[in-house]
Amino acid sequence: MDSRAPLTKSVHHRAFITRERAGVSLLFLMNGFMIGAWAPKIPEFAGRLGLSESMLGVMILIFGLGSLVMMPLAGSQIARFGSSQVAKWTSVLLTPTLLLLTWVGNIWTGAVAIFLFGGLIGAMDVAMNANAVSVEKHMRRAIMSSCHAFWSLGGLIGSSTGGFLIEHIGVSAHAILVTVLAAVMIGAAWPTVLHDAPHPEEGRHGSRLPLSPLPWLIGIMALFCMIPEGAILDWGALYLRNELAASVSLSGFAFAAFSLTMAVMRFAGDLIRDRFGAVTTLRVCAVISILGLLVIGFAQSTPMAIAGFALTGIGISNIVPIAFSAAGNLPGMAAGVGLSVVTTMGYSGILVAPSAIGFIAEHTGLAVIFVGLSALIVVVLLLSPLARHADNAHH
């Protein structure tokens, strides 16, 4: 026993950052970057196609439907070919979609483009999360929070530069630049992504839905904190533009401020959780996000709203990785089964809920919506004891 202890210690020491970890982190970065670059384009996209708030809501719903259609397909392909193959090829197909969104000229081609964009974002998301789980097992170390941090960092880079670039070099030049940078990231990641074997057993399990209420309750936690995330992504820029009269450059900072604090807190997330445990971490995060959403809703000025977005990012940052960890470590359940329920429920929050927000916002305005969203986080707070399953990862 003693002779083996120092060996595992040295492996841990050596393997904090490995090629495989760098590869999967780059995939998260690229996926977040594409979403981030899209956020400041939304007002321009809506203007070009002459969309009202409720029509834009329908478009965002189509984005969500694309994801919900393609995520289970990605799952079945991962079962056949392994997560690395699916992650690589979905990222290649995703790369040109922002150009499509920039060059479509009417509502129908816009709908097709946004369906493909949403679908490939979602499919790649499932594959890269599955690959991160494989890398965790391979390294025997938690990396999920930092992978999600790279996703937020990509979102931050894409959204904070987007408004500025669109204003200064134009819509098409911005889209071409984003596409080239995304291709460079994939090229760098390609040789380093952990090649995993197909997972046929996940394919077999995947068709049966779990009867235990646990994954569904954790799914509700993920759903209820990803709805505000989706609301900020899709409506944050518009809220600053329309209700607080911010400029195009400034309105990009809604999602940017949110992504910045989220990325910073996610890089610290694994350490904070190890120190305080998942339940305490989740409770503190929930309270901070409730405060943040209230600040956004009651903001009298753009800087105050941006501060609210930043606070909300701190709060929501580690709720999602904790929910994912808890889902992957439920007692007596294959990791893939719990994860697929929570992933699909959680992402439907980012994908489908913002379209409903569009319909409500036409009657109430967005300020009321952000205040109302804080009630969802109260539910997450009530479900917080379930986060204890996330701590099983280390034992």
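Hydrogens, waters and symmetry mates are skipped; everything else that's a heavy atom, side chains included, is used.
- In terms of heavy-atom proximity, Val295 sits nearest to Met304 at CG1-O, 3.6 Å.
- Across all their heavy atoms, Ala286 and Leu381 have their closest contact at CB-CD1, 3.6 Å.
- Taking the side chain as every heavy atom from C-beta outward, Leu153 and Phe150 approach each other to under 4.5 Å.
- Proximity of Cys225 to Val320: side-chain heavy atoms (C-beta onward) are separated by under 4.5 Å at one or more points.
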(request) Before giving the answer on side-chain contact (heavy atoms from CB on, under 4.5 Å), spell out for Lys88 and Ile186 the whole-Å C-alpha distance, their side-chain angles and the decisive distance to 0.1 Å. (result) CA-CA 8 Å; Lys88 286 176 175 181; Ile186 297 168; over 6 Å; no
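- For Trp190, the CH2 atom counts as densely surrounded, since its 6.0 Å shell holds more than 12 non-hydrogen atoms of other residues, nucleotides or ligands.
- Looking at heavy atoms from C-beta onward, Leu294 lies in side-chain contact with Val371 at the 4.5 angstrom threshold.
- Between Gly313 and Thr261, the shortest heavy-atom contact is CA-OG1, 3.4 Å.
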(message) Checking Thr302 against Phe253 for the side-chain contact (heavy atoms from CB on, under 4.5 Å) test, could you report, in this order, the C-alpha distance in whole Å, the side-chain angles of both residues, the deciding distance, and whether it holds?
(response) CA-CA 10 Å; Thr302 304; Phe253 283 106; over 6 Å; no
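- For Ser348, there are no side-chain hydrogen bond (donor to acceptor under 3.5 Å, both in side chains) partners at least two apart in sequence or on another chain.
- Trp151 is listed as a side-chain neighbour of Ile35, based on a closest heavy-atom distance under 4.5 Å.
- A distance of 5.5 Å separates CD in Gln85 from NE2 in His195, rounded to the nearest 0.5 Å.
- Atom CZ in Phe28 sits 4.0 Å away from atom CG in Asn129 (nearest 0.5 Å).
- Tyr239 pairs by the ring pair (Phe, Tyr, Trp, His ring centres under 6.0 Å) definition with Phe370, not counting sequence neighbours.
- Taking the side chain to side chain contact (heavy atoms under 4.5 Å, CB included) definition, one finds that Cys285 meets it with Thr281, Asn318, Ile319, sequence neighbours left out.
- Rounding to the nearest 0.5 Å places CE of Met185 at 13.0 Å from OG of Ser25.
- Atom CZ of Phe164 has 12 or fewer heavy atoms from other residues, nucleotides or ligands within 6.0 Å.
- Not one N or O on the side chain of Asp196 forms a donor-acceptor pair closer than 3.5 Å with the backbone of Asn131.
- In this structure, Val171 belongs to a hydrophobic cluster whose other members, linked by side-chain heavy atoms under 4.5 Å apart, are Ile166.
- Nearest heavy-atom pair across Leu282 and Met221 is CD1-CE, 3.6 Å.
- Here CD of Glu362 is found 10.5 Å from CE of Met55. Values are rounded to the nearest 0.5 Å.
- In this structure, the side chain of Thr97 does not engage the main chain of Phe117 through any donor-acceptor pair within 3.5 Å.
- Hydrophobic clustering keeps Val368 apart from Phe224 (ILVMFWY residues linked when any side-chain heavy atoms are closer than 4.5 Å, directly or through intermediates).
- No side-chain heavy atom of Met34 sits less than 4.5 Å from a side-chain heavy atom of Leu120.
- The backbone N or O of Pro385 sits less than 3.5 Å from a side-chain atom of Arg388, completing a donor-acceptor pair.
- When every heavy atom of Ser84 is checked against every heavy atom of Val193, the shortest pair comes out as CB-CG1, 3.8 Å.
- You'll find the side chain of Leu250 stays beyond 4.5 Å of the side chain of Leu240, heavy atoms only.
- Asn31 contributes no side-chain N or O that, together with a main-chain N or O of Leu27, makes up a donor-acceptor pair within less than 3.5 Å.
- For Leu100, the side chain to side chain contact (heavy atoms under 4.5 Å, CB included) partners at least two apart in sequence or on another chain are Ala113, Leu116.
- Closest of all the heavy-atom pairs between Val58 and Phe359 is CG2-CZ, 3.7 Å.
- By the rule that hydrophobic residues join a cluster once side-chain heavy atoms approach within less than 4.5 Å of another member, Val279 and Ile288 end up as members of separate clusters.
- A donor-acceptor pair under 3.5 Å is absent between the side-chain atoms of Ser83 and the main chain of Ile78, judged by distance alone.
- Leu99 and Leu181 fall into different hydrophobic clusters, where Ile, Leu, Val, Met, Phe, Trp and Tyr side chains are chained together by heavy-atom contacts under 4.5 Å.
- Looking only at distances, no side-chain donor or acceptor of Gln77 sits under 3.5 Å from a matching main-chain atom of Val86.
- Contact of the Arg48 side chain with the Val104 side chain is registered, since non-hydrogen atoms from C-beta on lie closer than 4.5 Å.
- For the side-chain hydrogen bond (donor to acceptor under 3.5 Å, both in side chains) test with Arg266, the passing option among Ser152, Ser145, Ser317 is Ser152; the others fail.
- The salt bridge (Lys or Arg N to Asp or Glu O under 4.0 Å) contacts involving residues 214-239 comprise nothing, where partners must be two or more places apart or lie in separate chains.
- Val184 and Leu93 fall into different hydrophobic clusters, defined by Ile, Leu, Val, Met, Phe, Trp and Tyr side-chain heavy atoms under 4.5 Å apart, directly or through other members.
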(request) Determine, stepwise, if the pair Leu51 / Ile107 fulfils side-chain contact (heavy atoms from CB on, under 4.5 Å). (result) CA-CA 8 Å; Leu51 305 175; Ile107 289 185; 3.9 Å; yes
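- Within the model, atoms CE of Met262 and CD1 of Ile316 stand 6.0 Å from one another, a figure rounded to the nearest 0.5 Å.
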(request) Any chance you could lay out the side-chain contact (heavy atoms from CB on, under 4.5 Å) test for Leu373 and Ile296, step after step, and finish with the verdict? (result) CA-CA 11 Å; Leu373 289 173; Ile296 297 169; over 6 Å; no
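- Counting heavy-atom neighbours within 6.0 Å of Phe298 CZ, excluding the residue itself, gives a total of 12 or less.
- We find the CH2-CD1 distance between Trp235 and Ile60 to be 4.5 Å, quoted to the nearest 0.5 Å.
- At a threshold of 4.5 Å between non-hydrogen side-chain atoms, the residues Leu101 and Leu98 count as touching.
- Cluster membership check: Val112 shares its hydrophobic cluster with Leu61, using side-chain heavy-atom separations under 4.5 Å among Ile, Leu, Val, Met, Phe, Trp and Tyr.
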